Protein chains: 2
Amino acid sequence: MQQQSRLGSSVGSGTLAGIAPAAAPLEVQLPEVQLPEVRLPAVPLPVGAANVSERLAQAPALAISTVIFALRPSESSGRPTLWLPLVRRIREPFIGQWALPGGPLTQADSLQDAAARNLADTTGLAPNYLEQLYAFGGLHRSPSQRVVSIVYWAMVQSTEAAMARESENVKWFRAGELTELAFDHKQIVDYALWRLRNKMTYGSIAYYLLGEKFTLAQVREVYEAVLGRTVDPANFRRQLKQAAHIEATDEYLQGGKHRPPRLYRYTGDTFSDSPSP
Amino acid sequence: MQQQSRLGSSVGSGTLAGIAPAAAPLEVQLPEVQLPEVRLPAVPLPVGAANVSERLAQAPALAISTVIFALRPSESSGRPTLWLPLVRRIREPFIGQWALPGGPLTQADSLQDAAARNLADTTGLAPNYLEQLYAFGGLHRSPSQRVVSIVYWAMVQSTEAAMARESENVKWFRAGELTELAFDHKQIVDYALWRLRNKMTYGSIAYYLLGEKFTLAQVREVYEAVLGRTVDPANFRRQLKQAAHIEATDEYLQGGKHRPPRLYRYTGDTFSDSPSP
DNA sequence: TCAAAAGTGTTTACGGTACACCCATGC
DNA sequence: GCATGGGTGTACCGTAAACACTTTTGA
């Protein structure tokens, strides 16, 4: 048996949205379109030194990793683009290569708390948003011991992200322009990006990348940065305004070259600074 | 810190579907509406005997469990309804109570293979569909040792499900009419049900609960069984016919009381019998 | 020939897209 | 006053919902 089976890929192009969303169980609405699981990456890793009998003897290690997204201005255009922090590996395997922040599951933390701790340790920041991505458990993800990684993805505010720590071994990269990473982390980032884009298209997510108050144009820029294309400003603002959890303030953003745009506030799930202690 | 933080719940009622699906990375279309993660259940379990220092000393155990769905005729109406098999626990904790089939992660299996093995062991069946559901890792899911469960969900054909093994310690239950189960398994099943309903609304999933050939009315019955409401037959058939991966055969289902309906075939992802060996 | 399900057609309503247009501000 | 982004109005089009209607079979 191998990881790469076709089960669970769930293709299907017809949307069948006609099956209208009804009362949903878990206080949420039914989506109208599929969110397929990624096909688990066929990891092209060197099989490494450990032989099979050794491998069979050990229990698989359990690790938590986190894909952290934040908005930063592009060096070229200055427009906001998606970035994520990576850490340089300081031991084998993959020594010297860049990898997702992570580590073994600490005993006192829930999975989510462990992920939040990753985030604090590497960036010094607290997540606005944190959600489980997927559990990766292929047999040969790591050349030596078998590792099962439960991966989370997170978003941090752009205002804070600008002040995030960087060092010799922690550096921010443009998402989408990554070269190869350690382990199967490149595939994991790609999957996280795909999931981010998905969530994006049905709202309420972009705000976690922004500050407390923002202009509608800034929200649009987030969408354009993540989706990688332009969006009609007129229609976009209409859609936002009729969307829930958006509230106009009386303030306007001053200092621009032209008419000062109104500032808005997100009133949905609270901007908590960390998982409530 | 506690598991039950608000992060990652991602409410948001506005659909914002206006952000049109563009070219999607992983060969799939972007969905238009949100698929939120379940809030992890606040498990009301007895904390059990082990004290904290003991708990800290042990590594968390890693387990695989599987929620298996199949269609079976209701005893009352005879119409197809959703069922799932559970196993009776034969040791502490929760001895005598019903639980999801599962067990520790066997060394030689990938996560998905381990889930498929669960399925074969308890039902004797092979899954038509198998997908990762979520990794549950709350601190007190099990009273003694800490357990992290990676849960899969599966669907098996109704025709085969009718012949599935049952025994003293393996029994099928109607999904949605479950009483309390061992551990946090009730919440897990509810989440799986919610996810099934989601996938349902954007097609291609219902077929995995049916046989190779089926009438459009049977597909409609699956939708009605899963969604728990009636669906307009006229509009439903139109939507199905313009959906991809559905092919009319030249055959008709004989033996009914009235006009024999045409049989159709699903031409999407193959009906493989097991993860390809 | 009648009941019931299979299958088709038609109307209406809603929401997204495109794009023309007005408004307010800094220079 | 004019360029530019903020913000509004509107016409068009595709699709889903509702439901009337025809067709085909068994009893």
Side-chain angles (χ1 to χ4, degrees), chain A residues 13-22 29-33 77-80 200-203 213-224 227 229-244 246-264, chain B residues 13-22 29-33 77-80 200-203 213-221 223-224 227 229-244 246 248-264:
Chain A
S13 54
T15 76
L16 215 66
I19 312 306
Q29 292 162 320
L30 294 183
E32 290 164 355
V33 160
S77 70
R79 306 180 76 83
M200 216 59 165
T201 56
Y202 40 77
K213 292 170 186 166
F214 44 81
T215 69
L216 298 190
Q218 285 173 333
V219 183
R220 182 167 49 82
E221 282 179 319
V222 177
Y223 273 76
E224 292 179 340
L227 299 181
R229 61 194 174 84
T230 59
V231 172
D232 184 294
N235 296 325
F236 185 79
R237 73 177 292 110
R238 249 191 304 269
Q239 287 156 13
L240 275 198
K241 295 194 79 163
Q242 72 189 40
I246 283 258
E247 186 181 85
T249 70
D250 291 336
E251 298 167 66
Y252 293 81
L253 179 63
Q254 303 294 342
K257 290 196 176 69
H258 304 294
R259 174 177 175 177
R262 183 186 285 271
L263 288 171
Y264 291 79
Chain B
S13 52
T15 74
L16 214 67
I19 312 307
Q29 289 161 324
L30 294 183
E32 289 163 357
V33 161
S77 70
R79 306 179 78 82
M200 216 60 166
T201 57
Y202 38 79
K213 291 172 186 166
F214 45 81
T215 70
L216 297 189
Q218 286 172 334
V219 183
R220 183 167 49 81
E221 282 180 320
Y223 274 75
E224 293 179 339
L227 299 180
R229 62 194 174 83
T230 57
V231 172
D232 184 293
N235 294 326
F236 185 79
R237 74 176 292 108
R238 247 191 304 268
Q239 287 157 13
L240 274 197
K241 295 194 78 163
Q242 72 189 41
I246 283 261
T249 69
D250 290 335
E251 299 167 65
Y252 293 81
L253 180 62
Q254 303 295 341
K257 287 196 178 70
H258 304 295
R259 174 176 174 178
R262 182 184 286 269
L263 288 170
Y264 291 80

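Residue numbers begin at 1 in each chain, while the letters A, B, ... track the order of the sequences. In this text the structure is predicted, and so the values were computed from the model without any measurement.
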Next on the checklist: If I take atom CZ in residue B:R262 and atom P in nucleotide D:dT25, what distance separates them, rounded to the nearest angstrom?
Outcome noted: 12 Å
Checklist outcome for this item: Nearest heavy-atom approach of B:P260 to B:Q254 is CG-OE1, 3.8 Å
Item to check | Considering all heavy atoms, the nearest A:M200-A:L227 contact | outcome: CB-CD2, 4.2 Å
Checklist entry - Of A:K257 and B:R259, whose nearest nucleotide on DNA chain C comes first from the 5' end? => result B:R259
Checklist entry - Side-chain N or O of A:Q239 less than 4.0 angstrom from OP1 or OP2 on C:dT17? => result yes
Next on the checklist: Can you confirm whether B:K213 sits close enough to B:L253 that some side-chain heavy atom of one is under 4.5 Å from a side-chain heavy atom of the other?
Outcome noted: no
Item to check | Consecutive Watson-Crick or G-U pairs in runs of at least 3, all under 3.5 Å, in which DNA chain C is involved | outcome: C:1-27 with D:1-27
Next on the checklist: Measuring from atom CZ of B:R259 to atom OH of B:Y252, what distance do you get when rounded to the nearest 0.5 angstrom?
Outcome noted: 8.0 Å
Item to check | Option among B:L216, B:V219, B:T230 that satisfies the side-chain contact (heavy atoms from CB on, under 4.5 Å) test with B:F236 | outcome: B:V219
Checklist outcome for this item: In whole angstroms, the gap separating C1' of C:dG7 from CG of B:L216 amounts to 10 Å
Checklist entry - Roughly, in whole Å, what's the span from CG in B:L253 to P in C:dA6? => result 10 Å
Checklist entry - Are any of A:Q254's side-chain N or O atoms less than 4.0 Å away from OP1 or OP2 of C:dT25? => result no
Checklist entry - Taking atom P of D:dT23 as reference, at what distance in whole Å does atom OH of B:Y252 sit? => result 16 Å
Item to check | Separation of atom CZ in B:F214 from atom C1' in C:dA6, rounded to whole Å | outcome: 17 Å
Next on the checklist: Counting primed atoms plus P, OP1 and OP2 as sugar-phosphate and everything else as base, spell out the protein contacts along nucleotides 8-14 of chain D at 4.0 Å heavy-atom distance: B, S or - for each nucleotide, 5' to 3'.
Outcome noted: BBB----
Next on the checklist: Given B:Y264, which partner from the list B:T249, B:L240, B:I246, B:T215 fulfils the side-chain contact (heavy atoms from CB on, under 4.5 Å) test?
Outcome noted: B:I246
Checklist entry - At their closest point, which heavy atom of A:A248 faces which heavy atom of A:R262, and how far apart are they? => result CB-CD, 3.8 Å
Checklist entry - Taking atom P of D:dC19 as reference, at what distance in whole Å does atom CG of B:D232 sit? => result 9 Å
Next on the checklist: Looking at every non-hydrogen atom in both residues, tell me the closest pair between B:E224 and B:R79 and how far apart they are.
Outcome noted: OE1-NH2, 3.9 Å
Next on the checklist: Output the rounded distance in Å from CG (B:L263) to P (C:dA6).
Outcome noted: 12 Å
Next on the checklist: Please report the distance, rounded to the nearest Å, between NE2 in B:H258 and P in D:dT25.
Outcome noted: 13 Å
Checklist entry - Are any non-hydrogen side-chain atoms of B:R238 and B:K241 less than 4.5 angstrom apart? => result no
